[in-house]
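Computed from a predicted model, the values in this text were never measured in an experiment. Starting from 1, each residue takes its place in the sequence as its number.
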Amino acid sequence: MIIKPGIGIDQLKFGMSQNEVIQLLGEPTRILVDDGDKDKNPVFQYNLLRLRLSFYREDDIRLGYIRTTNPRAQFQHNEIIGTPIEDAIKAFGHPKSSWEEDLYFSFNSYFNETIWTVLHEEYGLVTNIELGYLFDKKGENPIWPE
């Protein structure tokens, strides 16, 4: 699984429709909808891939967010899941100071807005990667990959 910040993972690209994703990956294991989500955005879960894909109604139900815990997820030939957080941050090529750190009760979260990537860390190791699509310089319009 190749991580492509601002683009997606492997052949998955931000902006894809639900049907395009199903053609690529098959039917999801589950389709989730968060009760607290007023827009009722669908989330496709693929258990074998350890992947969750969020589609946003405000963006014509396009793929807008990817979460994975897949240990094969890598960025520039560096595996990320299970890697010490310092090594994972270094692999993305942005200084640690460019990552916003939030400390929670049982995990830490590191967010880099430039590449819209979140790394969750527990016990010093990355456990989860989240990717989102990018926005124009004004932060108003999505930049969909081609």
Side-chain angles (χ1 to χ4, degrees), residues 1-18 20-21 24-25 28-47 49-146:
M1 284 191 129
I2 306 300
I3 299 167
K4 303 171 188 172
I7 297 172
I9 289 183
D10 284 342
Q11 292 83 23
L12 285 172
K13 288 186 178 183
F14 294 116
M16 292 177 91
S17 71
Q18 292 179 50
E20 289 172 319
V21 169
L24 186 64
L25 299 180
T29 307
R30 293 175 52 189
I31 298 177
L32 309 165
V33 177
D34 182 355
D35 289 337
D37 178 6
K38 65 178 173 51
D39 294 328
K40 304 297 181 204
N41 294 309
V43 178
F44 284 13
Q45 178 172 304
Y46 289 90
N47 288 353
L49 296 173
R50 294 173 63 174
L51 191 64
R52 286 196 186 113
L53 309 174
S54 298
F55 297 85
Y56 295 116
R57 294 188 188 283
E58 69 183 22
D59 293 320
D60 300 322
I61 314 181
R62 293 185 193 198
L63 176 60
Y65 210 72
I66 298 171
R67 295 170 185 84
T68 188
T69 61
N70 191 313
R72 292 177 299 157
Q74 56 179 272
F75 180 73
Q76 296 187 354
H77 307 292
N78 296 290
E79 290 184 350
I80 302 299
I81 301 294
T83 299
I85 189 65
E86 292 81 13
D87 294 345
I89 286 173
K90 192 181 301 179
F92 280 95
H94 293 267
K96 189 170 184 182
S97 61
S98 69
W99 295 77
E100 295 175 30
E101 181 178 8
D102 287 314
L103 307 176
Y104 297 95
F105 175 72
S106 64
F107 70 97
N108 298 334
S109 178
Y110 298 84
F111 171 62
N112 185 300
E113 186 174 6
T114 304
I115 57 174
W116 212 270
T117 299
V118 179
L119 303 174
H120 291 237
E121 172 246 343
E122 291 184 69
Y123 308 107
L125 303 174
V126 176
T127 58
N128 185 348
I129 303 165
E130 300 181 11
L131 304 167
Y133 58 85
L134 303 178
F135 292 88
D136 64 11
K137 291 183 192 247
K138 292 182 181 179
E140 297 172 359
N141 299 305
I143 300 172
W144 300 115
E146 298 187 24

Would you please name every residue forming a side chain to side chain donor-acceptor pair (under 3.5 Å) with [X], sequence neighbours left out?
X: Asn141; answer: Asp136
X: Glu101; answer: Tyr110
X: Asn128; answer: none
X: Asn47; answer: Gln45

Measuring from [X]:[atom1] to [Y]:[atom2], what's the distance to the nearest 0.5 Å?
X: Asn112; Y: His94; atom1: CG; atom2: NE2; value: 5.0 Å
X: Arg57; Y: Arg62; atom1: CZ; atom2: CZ; value: 15.0 Å
X: Glu20; Y: Leu63; atom1: CD; atom2: CG; value: 10.0 Å

Under 3.5 Å donor-acceptor pairs involving side-chain atoms of residues 79-89, not counting sequence neighbours:
residue, atom, partner, partner atom, Å
Thr83, OG1, Glu79, O, 2.7
Thr83, OG1, Ile80, O, 3.2

Per-pair distances, 0.1 Å, donor-acceptor, side chain in residues 113-120, under 3.5 Å, sequence neighbours excluded:
residue, atom, partner, partner atom, Å
Thr117, OG1, Ile115, O, 2.9
His120, NE2, Glu130, OE2, 3.0

Side chain to side chain, [X] and [Y], heavy atoms closer than 4.5 Å:
X: Ile3; Y: Thr68; answer: no
X: Ile129; Y: Ile9; answer: no
X: Leu12; Y: Leu24; answer: yes
X: Met16; Y: Leu53; answer: no
X: Ile143; Y: Phe14; answer: no

Point to revise | By ring pair (Phe, Tyr, Trp, His ring centres under 6.0 Å) - contacts of Tyr133 (at least two apart) | key: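 Ring pair (Phe, Tyr, Trp, His ring centres under 6.0 Å) list for Tyr133, sorted by chain: Phe135, Trp144.
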Point to revise | Set of ring pair (Phe, Tyr, Trp, His ring centres under 6.0 Å) partners for Tyr104, sequence neighbours left out | key: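 Tyr104: ring pair (Phe, Tyr, Trp, His ring centres under 6.0 Å) contacts with Phe107.
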What pairs with [X] under side-chain contact (heavy atoms from CB on, under 4.5 Å), at least two apart in sequence or on another chain?
X: Asp35; value: none
X: Gln18; value: Pro42, Phe44, Phe55, Ile61
X: Pro71; value: Arg50

Practice item. Look only at the side chain of Asp39 and the backbone of Asn41, and say whether a donor-acceptor pair between them is shorter than 3.5 Å. Key: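 Not at all, since once roles are kept as given, no pair shorter than 3.5 Å links the two residues.
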Point to revise | Side-chain donor/acceptor of Lys40 to backbone N/O of Val33, under 3.5 Å | key: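 Pair absent, no side-chain N/O of Lys40 close to backbone of Val33.
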Could you tell me which non-hydrogen atom of [X] sits nearest to which non-hydrogen atom of [Y], and how far apart they are?
X: Lys13; Y: Pro145; value: CB-CG, 4.2 Å
X: Gly8; Y: Ile66; value: CA-CD1, 3.8 Å
X: Arg52; Y: Leu32; value: NE-CD1, 3.8 Å

**Study point:** Worked check of side chain to side chain contact (heavy atoms under 4.5 Å, CB included) between Val43 and Asp37
**Key:** CA-CA 11 Å; Val43 178; Asp37 178 6; over 6 Å; no
Review point. Do any pairs count as a ring-ring contact (aromatic ring centres under 6.0 Å, His included) and have a residue in residues 59-82, sequence neighbours left out, and if so which ones?
Key: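 Found Phe75-Phe92.
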Exercise for review: Begin from the C-alpha positions of Gln74 and Ile2 and carry the test side chain to side chain contact (heavy atoms under 4.5 Å, CB included) through to its verdict.
Suggested key: CA-CA 5 Å; Gln74 56 179 272; Ile2 306 300; 3.7 Å; yes
